[in-house]
K.L.:
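One structure follows; several queries about it will come next.
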Amino acid sequence: MAIALSVSQVKYVCLGFILGQILALCNAGTGVTSQLLTDKFKVNIPTTQSFLTYGLVSATYGVYHLWHHGLHYFKSRIGLWCIFLAMTDFAATFLTVKAYQYTSLVSIQLLDCIAIPTIMILSCIFFKTRYRWLHYAAVVMCLSGVAAMVFVDSHEKQSLKGDLIVMLAAVIYGVNNTCLEWLAKDIGCFIYLGIYCWFGLLISGIQVAIVEREAICNLPLNDPYFCLTVLGFVIFLFIFLSLMPYLMMKYNATIANLNLLAADVYSAVAGFLIFSLTFSALYILSIALIICGVLLYIHQTHLAEQSSLSIMNPSANSQEALVDITGEYSNAENNHILPK
């Protein structure tokens, strides 16, 4: 028997979808601006782009955190977790921006979906998350779409190199997002942002001084379109970094990354309108497989939620295993597994 969702549940799902689509738009925006910098201005400054974004995050969340909390969290194990997350986030962002030199915008956005099975595998290993077989079928379908896209790019050596760089970045993102989900739920998204931004600023600043010092001297700073493009990248990434921890805290890493697959559609539209890209039939097949995989996952999630509502005992203890809206099985005792 079908069970109707309550108003609060509908609001919960809609909020997650809206926030996820904002993230997807920002993700596509960073891709478009990076592609413009590479193709139109012949500029390769991925570390500088990240450094400017970390600077904006530090000037807002970082300063706010220091004003209210001081250095307390920096001296704890939470500080070590934030260092790790800052390093992995910086590395993944750097590799993704670097890949725009070698492969297309849509290829990069499609290959980002590898982060999803990475998150699922890590969740199974470390957090004992259990998925139903249709969740795995959905992921396999998404990966089949990725395989079709890589087959197209494999005919060009440079494109294949870019694909491999993006796949490595996606795996790093998966590791980062899995840890970020549990840390954000443990300490809150604002504390996380206030700590990690300083480490990201330090790491990227050191690399800018070492690697991109000469490139910065040759930037066309007198070109207003160049400055607007860089500013656009910084704003898009700032919004992305601001919303992602909140989505992780309120929902989970899998839901966040499934929403991000919508960036493929936004990037495809931008590719046609701005870069005049042409796609082979396998690109269309790739996008179709990924969309079908996402729909299958969401459908199975809805069935899992309906099942949980029908079998849940209202008097059950909060420590018993429950099926949440993601379709994953979790236990309340795992909500605070990170050391403080």
K.L.:
Measure across Gly174 and Thr118 and return the closest heavy-atom pair with its distance rounded to 0.1 Å.
P.N.:
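Between these two residues, the closest heavy atoms are CA-CG2, 3.8 Å.
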K.L.:
Within a strict 4.5 Å, meaning less than it, do heavy atoms of the Arg213 and Val208 side chains meet?
P.N.:
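Answer no - side chains too far apart.
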K.L.:
Is it true that a side-chain atom of Asn176 and a backbone atom of Leu85 form a donor plus acceptor pair closer than 3.5 Å?
P.N.:
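Pair found, side chain donor or acceptor close to backbone of Leu85.
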K.L.:
Rounded to the nearest 0.5 Å, what separates atom CG in Leu237 from atom CG in Leu56?
P.N.:
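One finds 9.5 Å between CG of Leu237 and CG of Leu56.
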K.L.:
Under the side-chain contact (heavy atoms from CB on, under 4.5 Å) criterion, do Tyr173 and Ile116 qualify, and how do the steps go?
P.N.:
CA-CA 9 Å; Tyr173 267 131; Ile116 295 174; over 6 Å; no
K.L.:
Would you say Leu221 ends up clustered with Phe51 if hydrophobic residues are merged whenever their side chains have heavy atoms under 4.5 Å apart, either directly or through other cluster members?
P.N.:
yes
K.L.:
Do you know which two heavy atoms are closest between Gly232 and Thr33, and how far apart they sit?
P.N.:
C-CG2, 4.2 Å
K.L.:
Would Phe74 and Phe199 count as a close aromatic pair, with their ring centres under 6.0 Å?
P.N.:
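Yes: the rings meet the under 6.0 Å criterion.
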K.L.:
Quick check: is Val166 connected to Leu164 through a chain of hydrophobic side chains (ILVMFWY, heavy atoms under 4.5 Å apart)?
P.N.:
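Linked, Leu164 and Val166 end up in one cluster.
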K.L.:
With a 3.5 Å distance limit and no angle check, can you tell me whether Thr30 reaches the backbone of Asn27 through a side-chain donor-acceptor pair?
P.N.:
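Yes, Thr30 side chain to Asn27 backbone: donor-acceptor pair under 3.5 Å.
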K.L.:
Would you compute the distance between atom CD1 of Ile121 and atom OG1 of Thr178 and round it to the nearest 0.5 angstrom?
P.N.:
10.0 Å
K.L.:
Answer yes or no: is there a side-chain heavy-atom contact under 4.5 Å between Phe238 and Thr60?
P.N.:
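Side-chain contact under 4.5 Å: yes.
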K.L.:
When rounded to the nearest 0.5 angstrom, what is the spacing between CD1 in Ile45 and CD1 in Ile216?
P.N.:
7.0 Å
K.L.:
Please name the pair of heavy atoms, one in Gly200 and one in Ala86, separated by the smallest distance, quoted to 0.1 Å.
P.N.:
N-CB, 3.7 Å
K.L.:
Quick check: is Leu95 connected to Ile119 through a chain of hydrophobic side chains (ILVMFWY, heavy atoms under 4.5 Å apart)?
P.N.:
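Different clusters: Ile119 never reaches Leu95 through Ile, Leu, Val, Met, Phe, Trp or Tyr contacts under 4.5 Å.
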K.L.:
Of all heavy-atom pairs between Leu260 and Ala24, which one has the smallest distance, and what is that distance?
P.N.:
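Shortest heavy-atom contact: CD2-N, 3.8 Å.
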K.L.:
Got a second to check how far Leu183's CG is from Ile78's CD1, nearest 0.5 Å?
P.N.:
6.5 Å
K.L.:
Taking the side chain as everything from C-beta on, heavy atoms only, tell me whether Leu243 gets closer than 4.5 Å to Ile22.
P.N.:
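Heavy-atom side-chain distance check passes, below 4.5 Å.
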K.L.:
Has the side chain of Glu181 got a donor or acceptor atom that lies under 3.5 Å from a matching backbone atom of Met248?
P.N.:
no
K.L.:
Has Lys40 got its NZ or CZ under 6.0 Å from the middle of the six-membered ring of Phe226, at an angle within 45 degrees of the ring axis?
P.N.:
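Pair Lys40/Phe226 does not count as cation-pi.
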K.L.:
Compare all side-chain heavy atoms of Ile195 with those of His69 and state whether any distance is below 4.5 angstrom.
P.N.:
no
K.L.:
Got Val175 and Ile172 here, is their nearest side-chain heavy-atom distance under 4.5 Å?
P.N.:
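Contact flag for Val175/Ile172 side chains = no.
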K.L.:
Hey, what do you get for CG (Leu168) to OG1 (Thr96), rounding to the nearest 0.5 Å?
P.N.:
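Rounded to the nearest 0.5 Å, the CG-OG1 separation comes out at 9.0 Å.
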K.L.:
Distance only, no hydrogens: is a donor on one side chain within 3.5 Å (strictly under) of an acceptor on the other, for Tyr192 and Asp186?
P.N.:
no
K.L.:
Which of parallel (below 30°), tilted (30 to 60°) and perpendicular (above 60°) describes Phe190 and Tyr61?
P.N.:
tilted
K.L.:
Determine whether Leu71 and Leu66 satisfy the following criterion, side-chain contact (heavy atoms from CB on, under 4.5 Å), listing intermediate values before the conclusion.
P.N.:
CA-CA 7 Å; Leu71 300 176; Leu66 290 178; 3.8 Å; yes
K.L.:
Leu19 versus Leu23: any side-chain heavy-atom pair under 4.5 Å?
P.N.:
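No, their side chains stay 4.5 Å or more apart.
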K.L.:
Is there a path of hydrophobic side-chain contacts, each under 4.5 Å between heavy atoms of I/L/V/M/F/W/Y residues, joining Trp67 to Leu193?
P.N.:
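No: no chain of side-chain contacts under 4.5 Å links Leu193 to Trp67.
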K.L.:
Check the pair Leu25, Gln21 against side-chain contact (heavy atoms from CB on, under 4.5 Å), reporting the backbone distance first and the verdict last.
P.N.:
CA-CA 6 Å; Leu25 282 169; Gln21 293 311 296; 5.6 Å; no
K.L.:
Examine Phe236 and Val234 and state if one hydrophobic cluster contains both, with Ile, Leu, Val, Met, Phe, Trp and Tyr joined whenever side-chain heavy atoms are less than 4.5 Å apart.
P.N.:
no
K.L.:
Report yes if the side chains of Asp89 and Leu241 come closer than 4.5 Å at any heavy-atom pair, otherwise no.
P.N.:
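The answer is yes, as the side chains (C-beta and beyond) meet within the 4.5 Å cut-off.
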K.L.:
Measure from the side-chain N and O atoms of Gln49 to the backbone N and O of Phe233, and report whether any donor-acceptor pair falls under 3.5 Å.
P.N.:
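Looks like no, no N/O pair under 3.5 Å.
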K.L.:
So, for Glu212 and Thr47, which heavy atoms are closest and what is the spacing to 0.1 Å?
P.N.:
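Result for this residue pair: OE2-N, 3.0 Å.
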K.L.:
Can you tell if the side chain of Ile191 reaches within under 4.5 Å of the side chain of Tyr196, non-hydrogen atoms only?
P.N.:
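No. Closest side-chain heavy atoms not under 4.5 Å.
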K.L.:
Taking all non-hydrogen atoms of both residues into account, name the closest pair between Cys197 and Ser58 and its distance.
P.N.:
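Smallest interatomic distance, heavy atoms only, reads O-OG, 3.4 Å.
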K.L.:
Roughly how far, to the nearest 0.5 Å, is the CG atom of Leu52 from the OG atom of Ser204?
P.N.:
8.5 Å
